[in-house]
Amino acid sequence: MIVAAAGAAHGQMGFSAAGAGIELSDADRGLLEQSIHSVLQAGEVGAVDSWQNPETGISGQSTLLETYTEGDTSCGRVDFQIKRRDRVALFDLRFCQRPDGTWGIAG
């Protein structure tokens with residue numbers, strides 16, 4: 001699970017693509033979270049995970065660009081995109097694993 005606070009607070013992840021003109025449903029946010037979590041847990045630079053919600057027509061892809069540590073904490077830089085028809089929103093964020101095993105946007 002990913003817990004983060006970037007952009008407008010939405011769901012557990014706290015992520016919004018509304019500024020890019022894409023409103024995410026709860027199901028979309030869940031699929032996005034799972035995708036980011038998947039590449040972070042894989043821990044292999046270049047790991048890719050794609051997702052699609054046929055109900056909303058929104059899809060995306062996450063790619064792990066870099067892994068690193070901050071002290072004893074595992075971290076990773078993830079490039080992800082969210083697509084809706086003619087719009088694509090691109091994001092590049094850093095996440096670090098918390099002691100409870102969740103991932104959050106690095107501060």
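Quick note: residue numbers are just sequence positions, from 1.
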Point to revise | G76 versus L64, closest heavy-atom pair with distance | key: CA-CD1, 4.1 Å
Revision key, fill the gap. Q52 and L31 have their tightest heavy-atom pair at O-CD1, 3.9 Å
Review point. Taking the side chain from S25 and the backbone from D28, do they hold a donor-acceptor pair closer than 3.5 Å?
Key: yes
Practice item. Mind checking the CZ-CD spacing from R29 to E33? Nearest 0.5 Å is all I need. Key: 9.0 Å
Point to revise | Straight-line distance of I105 CD1 to L93 CG, nearest 0.5 Å | key: 5.0 Å
Check your understanding: Should T73 and C75 count as side-chain neighbours, where that means a heavy-atom distance under 4.5 Å?
Key -> yes
Review point. Just by distance, with hydrogens left out, do D49 and S62 show a side-chain donor and acceptor under 3.5 Å apart?
Key: no
Practice item. Answer yes or no: is there a side-chain heavy-atom contact under 4.5 Å between Q41 and Q97? Key: yes
Review point. Distance from I36 atom CD1 to Q34 atom CD, nearest 0.5 Å?
Key: 11.0 Å
Exercise for review: Drop me the distance from N53's CG to L24's CG, to the nearest 0.5 angstrom.
Suggested key: 10.0 Å
Check your understanding: Do V45 and T67 come within less than 4.5 Å of each other through their side chains, counting heavy atoms only?
Key -> yes
Practice item. Taking only Lys NZ, Arg NE, NH1 and NH2, and the carboxylate oxygens of Asp or Glu, determine whether E66 and R94 approach each other closer than 4.0 Å. Key: yes
Check your understanding: Any idea which heavy atoms bring L90 and Q81 closest together, and the distance?
Key -> CD2-CB, 3.5 Å
Exercise for review: Report the distance from atom OG1 of T56 to atom CG of D26, rounding to the nearest 0.5 Å.
Suggested key: 11.5 Å
Check your understanding: Can you find a heavy atom in the side chain of Q61 that is under 4.5 Å from one in the side chain of S35?
Key -> no
Point to revise | Plane angle bin for F95 and F80 - parallel if under 30°, tilted between 30 and 60°, otherwise perpendicular | key: tilted
Practice item. Determine whether S74 and Y68 make a side-chain contact, defined as any pair of heavy atoms from C-beta on separated by less than 4.5 Å. Key: no
Study note, to complete from the structure: Value for CG (L40) from SG (C96), rounded to nearest 0.5 Å, stands at 9.5 Å
Review point. Do V39 and V78 touch side chain to side chain, with heavy atoms closer than 4.5 Å?
Key: yes
Study note, to complete from the structure: When every non-hydrogen atom of E23 is compared with those of I58, the smallest separation belongs to O-CD1, 3.4 Å
Exercise for review: Look at the side-chain heavy atoms of Ile, Leu, Val, Met, Phe, Trp and Tyr, link any pair under 4.5 Å apart, and say whether L65 and W51 land in one connected group.
Suggested key: no
